[in-house]
Amino acid sequence: MAENTDIPTKHFLVIGKDPDILKTVLRLLNDFKKASYSAVGSTDIEEGKRLFDQQPIDLVLLTNGLDEYTTGELRSWFNKRKPQVKVLQHFGGGSGLLFNEITYSLQSNTTDHGTDRFA
Amino acid sequence: MAQTVLHKASDRFDVKSNHGESYFSFSFGDLYREDRLGFGALRVLNDDIVFPGQGFGSHPHDNMEIISIVQEGELTHEDSLHNEGVARKNRLQIISAGSGIFHSEYNRNPDTLCRILQIWVYPDRLNGSPRYQQADYTYPSPPDQWQVIIEPLHEGDSAIGMIQQDAWFSLGNLSKGMQIPYPLKKEGNGLYVFLVKGNISVEGQTLTTKDGLGISGSREVVIQALEDSEVLLMEVPMVKMN
């Protein structure tokens, strides 16, 4: 994890069904050099909810394998528990759009991104 | 009334690395501009040069339609579904990443560059079945007409590239002086015109090589060739994903 003392670390929770893709996304976030990011994640939804409750989370990334119903349920659940936490649908599976999506989400005022198209 | 957005070739992101050089029409990787987040469902348009013997090791994708159009050389693909293939100038490659796929791609030739357009389009649904396709097309395109090279998967012509989105890509090999109309195939879609080579006029804008022009709110777009030109048209839904 790249710690930058000037800018507070942003904490991410990543949930996705493919363990190898999840591992890749977590590695990309934790190794990112241009900002201070810290990421935890799970392929298990209940474990993801526990992490959300137990850890400081600024942004949730929903990745591959979550069906549209589950995605909607998760968004509602997170929003009820901590409405200030942003929930982001990650597309592309790797580094291509990951940091763009995060930058856009952190700079905007809304809390849901990228999932309305499939709701 | 048509709305347009012009992206000049000189205003693309320029990235150099050990394995190649890239020009991004839209924000990609850790390069970000809020005014460059795509055009409707078209999110990525990368003009990549892969050096001889170089490439990209195994890496994941999900929920994205990835089209590779080779402009020069060859690109060798392998993926976690055990597909192998070589894309070249008259054979495009499509990855419907769906619920997830790992792949690698290399320029295996030790002597020549590979130059590809790598294009990402958001799918119209999440977590479809991952899919790999190669589709042949005529290169150079027949003169002064549009050759469809990508169409929606549900239209089902396996001879043409197919993606999980209501999008159509066409190539044009236009002769100097010709004006060729492109009627959009679906109401509400927009058209992104990428000039591979040459000099054209579209909607009152003059485009030179590697310029891009997005057009929305129009049912037909007329492309006028000011020189002999190669044009890539990308018709996509004007969805906003971010």
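Just so it is clear, the structure is predicted and the values come from calculations on it, not from any experiment. Just so we're on the same page: letters track the sequence lines, and every chain starts at 1.
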d(A:L97 CG, B:R43 CZ) to nearest 0.5 Å is 5.0 Å
Heavy atoms from other residues, nucleotides or ligands near NZ of B:K197 exceed 12 (cutoff 6.0 Å):
no
For A:K80, does the NZ atom have more than 12 heavy-atom neighbours from other residues, nucleotides or ligands under 6.0 Å away? no
Rounding to 0.5 Å, atoms OG (B:S58) and CG (A:D20) come to a distance of 9.0 Å
Point to revise | Worked check of side chain to side chain contact (heavy atoms under 4.5 Å, CB included) between A:Q89 and B:L126 | key: CA-CA 10 Å; A:Q89 177 71 46; B:L126 291 174; 4.0 Å; yes
When the 4.5 angstrom heavy-atom criterion is applied to B:H59 and chain A, the contacting part is neither
Q) Can any side-chain N or O of B:N63 pair as donor or acceptor with the backbone N or O of A:F91 at less than 3.5 Å? A) no
For A:I21 and B:G100, the nearest pair of non-hydrogen atoms, with its separation, is CD1-CA, 3.8 Å
Item to complete: Step by step, work out the side chain to side chain contact (heavy atoms under 4.5 Å, CB included) result for B:Y32 and A:Y104.
Response: CA-CA 9 Å; B:Y32 180 83; A:Y104 180 84; 3.3 Å; yes
One option among A:G16, A:G65, A:G94, A:G96 has the most heavy-atom pairs under 4.5 Å with chain B, and it is A:G96
Nearest heavy-atom approach of A:N100 to B:L31 is ND2-O, 3.1 Å
Okay, B:F102 and chain A: the region with an atom under 4.5 Å from a heavy atom over there is side chain
Within residues 82-89 of chain B, contacts to chain A at heavy-atom distances under 4.5 Å involve none
So, the part of A:S95 with a heavy atom under 4.5 Å from chain B: the answer is backbone
Rounding to 0.5 Å, atoms NE2 (B:H61) and OG1 (A:T24) come to a distance of 11.0 Å
Rounded to the nearest 0.5 angstrom, the NE2-CE distance for A:H90 and B:M64 is 8.5 Å
Okay, B:N127 and chain A: the region with an atom under 4.5 Å from a heavy atom over there is side chain
Original post:
In this structure, are over 12 heavy atoms from other groups packed under 6.0 Å from B:Q3 atom CD?
Top reply: no
Tell me whether A:K49 at atom NZ has more than 12 heavy atoms from other residues, nucleotides or ligands lying less than 6.0 Å away.
yes
Of all heavy-atom pairs linking A:G93 and B:P60, the shortest is O-CG, 3.3 Å
